[in-house]
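All chains are named by letter (A, B, ...) in the order of the sequence lines, taking the proteins before the strands, and each is independently numbered beginning at 1. These numbers come from the heavy atoms of this one structure, side chains and all, not from hydrogens, waters or symmetry mates.
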Protein chains: 2
Amino acid sequence: VAEFRGVERVYRMGNQEVRALDHIDLVFRKGEYWSIIGPSGSGKSTMLNVLGCLDRPSKGLYELGGEDTGLLDDDALSELRSRRLGFIFQSYNLIPQLNVLDNIMVPLLYQSNPPKDGEERARHLAGRVGLQDRLDHRPRELSGGQMQRVAIARALVNDPDMILADEATGNLDSQTSREILNLFDELHKEGKTIVFVTHEAIVSERAERVLVMGDGRVCEIRETAKE
Amino acid sequence: VAEFRGVERVYRMGNQEVRALDHIDLVFRKGEYWSIIGPSGSGKSTMLNVLGCLDRPSKGLYELGGEDTGLLDDDALSELRSRRLGFIFQSYNLIPQLNVLDNIMVPLLYQSNPPKDGEERARHLAGRVGLQDRLDHRPRELSGGQMQRVAIARALVNDPDMILADEATGNLDSQTSREILNLFDELHKEGKTIVFVTHEAIVSERAERVLVMGDGRVCEIRETAKE
Ligand SMILES: Nc1ncnc2c1ncn2[C@@H]1O[C@H](COP(=O)(O)OP(=O)(O)OP(=O)(O)O)[C@@H](O)[C@H]1O
Ligand SMILES: Nc1ncnc2c1ncn2[C@@H]1O[C@H](COP(=O)(O)OP(=O)(O)OP(=O)(O)O)[C@@H](O)[C@H]1O
Ligand SMILES: [Mg+2]
Ligand SMILES: [Mg+2]
C-alpha cells in the first residue's frame, strides 16, 4: 500500500516557484493496475518518482508499506527500492559501457543475495521483449525502441512486487506496444502492482484505474471498462 | 530533392551483420510532406539520419540538391546540414549546461552570418511550443515532453528548408501533439519539406505521403486522404 497525504513537490527557481505536485491525497493498494495520464508538464513523472522513492515530497506524508518514508535515510530508501520496486524511466538511463544483457542484469548487483538464475532470467526477459538478437549491442548501437525495451526488461529482472513505468511504450510501434502491455497484464495477474504513465488514451485504458493529472493535481480518478 | 539509389547501411558486429537499411531506392521532392512508420528497429532513424547527412550509406548513392554526398567531406556535409536542415532527434540531444533559450539558439552559433533577430526568433518559437515559462530551466529541470519541445524549437530557429523529425511527439499528450502537428502543417504550407518518423498511425495520417518500413526496406508508399 502506498499512501500520499497532503503531498507537495515544489521547486524554487530564483524568486519563482514551480508546483510539480500540489496537495496530493491518494492511495495505491497492493495488486492494483493504474495508468496515469495528463498534459506534458502536469507532474506525472514527479508523481511516479515520489511513489518509487526516487524523490521526496517537499511537504506532506508519503507512506509505503506502512512506513513513513520521511523517516528513512537515503540508504534505507535505496534498499527499500531495490527489493520491492522495478522502475522504467522516461529517459531509460541505460549504462553506455554495458551491453544489453549486462544492462538488464544491473539490478541483480544491488542485491545482497542475488538469485543464482539471474542471467537466465535476464536472457528470458530479453526474449520476452524481442531483444534476443541484440544481447551484445551497446545502447548506442540500438534503436530508440530497443533501448526502451532494455529498460523494461531491466525493471523486471528482480521480480519486483511493484512496477512503475514512465511512458514505457512512448517509442514503440503498435505491435510491440501491444506485446509490452500484454506482459504487464500477465504480471498484474501474478499479483503485482502496476502503475504506468502514458500520453496515449488508448494505452491508459489497458489499466483498471486511470488517474488524470493537471497542473500538479489529481483532476480525476476513474475505473475503466476492463474487468 | 533528396534521392536514394541502392542505398545500404550495414553494421558489422563481430561475424554478424545488421542491415539497418537494405536496398533503398527513393526520392523526396521539395515541399513534400512525409511520415515514416514501421516496427521498432526497422530502420526509420537510420533512414532519417542518412537523409539529414548525419550518417553515410555503406553502399549506394545519396544525392541531396543534385550533389553526390559521397563526394563531400565531413566539414562540407556539416555545412550543408546547418544551412538547409532542421533535425529533431529521437533522444533530443540537448546541451545539459545551457538553459532552454540558449539550447534553442545553438544552431545560430554555427552560421557564419547569424541573423540579428536570432534571440527574438528563439523566444517566439519557445512560445509556439508552450515553453515561455521555462526559458531559464536547464534540461534536467524539465519534463520529458518539455525537453522534446525544446528540441523542436531548436530545429526551427534557422528557418531551414527541410525539417526532419524523429518521433517528435513521442512524449507529448494529445493536445500538445496536435499543436506541434499544426505547426508542421503551417511550415509545410510555407513551402518547407517535412519528413517525420512516428510510431502512431493517427499521427502518420497528418502527412501527405506515408512511407512504411520493415527490416531496413521500404515496404509500402501510400498517399493519405489529406488534400
Ligand atoms: N551502431 C549500431 N551498430 C549495430 N546495429 C545498429 C547500430 N545502430 C542501429 N543498429 C541497428 O539497426 C537497426 C535499425 O535501427 P533504427 O534506429 O534505424 O531503427 P528504428 O526504426 O528507428 O527503431 P525505433 O522505432 O525503435 O526507434 C536496429 O535493429 C538497430 O539495432
Ligand atoms: N528540477 C526541476 N526544477 C524545476 N522545475 C522542474 C524540475 N523538474 C521538473 N520540473 C517542472 O515540474 C513540472 C512537472 O514535471 P514532470 O516531469 O512531472 O511532468 P510530466 O507530467 O511527466 O510531463 P511529460 O509528460 O512532459 O513527461 C514541469 O512543469 C517541469 O518543468
Ligand atoms: Mg514525464
Ligand atoms: Mg528510431
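Between B/Pro39 and A/Gln175 there is no side-chain heavy-atom pair separated by less than 4.5 Å. Residues A/Glu141 and B/Val18 fail the side-chain proximity criterion, which asks for heavy atoms closer than 4.5 Å.
Across B/Gly170, B/Ser143, B/Gly145, the residue that shares the most heavy-atom pairs under 4.5 angstrom with chain A is B/Gly170. Annotation: maximal heavy-atom pairing with chain B below 4.5 Å, among A/Met13, A/Arg134, A/Arg149, occurs at A/Met13. Ranking A/His199, A/Gln148, A/Met147 against chain B, the residue ahead of the rest is A/His199, based on heavy-atom pairs under 4.5 Å. In terms of heavy-atom pairs under 4.5 angstrom with chain A, the leader among B/His137, B/Glu167, B/Gln16 is B/His137.
In A/His188, the NE2 atom is crowded: over 12 heavy atoms of neighbouring residues, nucleotides or ligands sit closer than 6.0 Å. Taking a 6.0 Å sphere around CZ of A/Arg138, one finds it holds more than 12 heavy atoms contributed by other residues, nucleotides or ligands. Atom CD of B/Glu120 has 12 or fewer heavy atoms from other residues, nucleotides or ligands within 6.0 Å. Sparse packing is recorded around CG of B/Asp215, with 12 or fewer heavy atoms of other residues, nucleotides or ligands lying under 6.0 Å away. Within a 6.0 Å sphere centred on CZ of A/Arg84, heavy atoms belonging to other residues, nucleotides or ligands number 12 at most. When the shell of 6.0 Å around CD1 of A/Ile202 is examined, it contains 12 or fewer heavy atoms from other residues, nucleotides or ligands.
For the atom pair CG of B/Asn171 and CG of A/Asp166, the computed distance is 8.0 Å after rounding to the nearest 0.5 Å. Atom CE of A/Met213 sits about 13.0 Å away from atom CG of B/Asp173, to the nearest 0.5 Å. Interatomic distance, CD1 of A/Ile37 versus OG of B/Ser174, reported as 7.0 Å (0.5 Å rounding).
Within the 4.5 angstrom heavy-atom criterion, only backbone atoms of B/Thr169 (N, CA, C, O) approach chain A. For A/Glu200, the part sitting under 4.5 Å from any heavy atom of chain B is the side chain, from C-beta outward, and nothing else. With a threshold of 4.5 angstrom between heavy atoms, A/Ser40 approaches chain B through its backbone and through its side chain.
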